[in-house]
Amino acid sequence: MKKILIIDDEALIRKMLGKLFEKNGYEVLAAHNGNQGIQLFKDHDPDLVVTDLIMPEKEGMETIRDIRKLNPEVKIIAISGGGVVDPELYLTLARKFGAQYSFSKPIDNEKLLLAVKALLTP
Ligand SMILES: [Mg+2]
């Protein structure tokens, strides 16, 4: 079973995405910030990471960069509602940092799932 690590400071998003992925046959791990996410990444070696970009303590861009250092092959999807900066700008930047796909909140579940399936299908 493919493993997906969700990193988001919003409990509701973690819950929603977790249900979506489990319903579709994936094993799910969830972290509430980048530090916890990196730890779970090291411990469980997931196949794909879905990370928020704006988070307290350790934000998403740094998290993506660190995960890329640990594993250049792992698939990464960035999600963001933005903040002070235009969300599109953040998401473009996330792709430069190594995310294959990026989505702005509110998340379109169908599109996200298609991206996940595309990335995890050999
Ligand atoms: Mg956030």
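For the numbers below, each heavy atom of this structure counts, side chains included, while hydrogens, waters and symmetry mates do not. On a predicted model such as this, the values are computed, not experimentally measured, just so you know. Whatever order the structure lists them in is the order used to number ligands and atoms, beginning at 1.
For the Mg ion (ligand 1), the nearby protein N/O/S atoms, meaning those under 2.8 Å, are Asp9 OD1, Asp52 OD2, Ile54 O.
Judged purely by atom type and a 3.5 angstrom limit, Glu59 uses its side chain to pair as donor or acceptor with the backbone of Met61. Arg95 places no side-chain N or O within donor-acceptor distance of the main-chain N or O of Ala99, the cut-off being under 3.5 Å.
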Exercise for the section: I would like to know whether Phe21 and Leu112 meet side-chain contact (heavy atoms from CB on, under 4.5 Å); could you show each step before the answer? Expected result: CA-CA 10 Å; Phe21 296 147; Leu112 177 63; 3.9 Å; yes
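Among residues at least two apart or in separate chains, salt bridge (charged side-chain N to carboxylate O under 4.0 Å, His left out) pairs with a member in residues 38-58 are Asp52-Lys105, Lys58-Glu62, Lys58-Asp66.
Residues Asp8 and Met55 come closest through the heavy atom pair CA-SD, 4.0 Å.
For the atom pair CG (Leu17) and CD1 (Ile107), the distance works out to 6.5 Å, reported to the nearest 0.5 Å.
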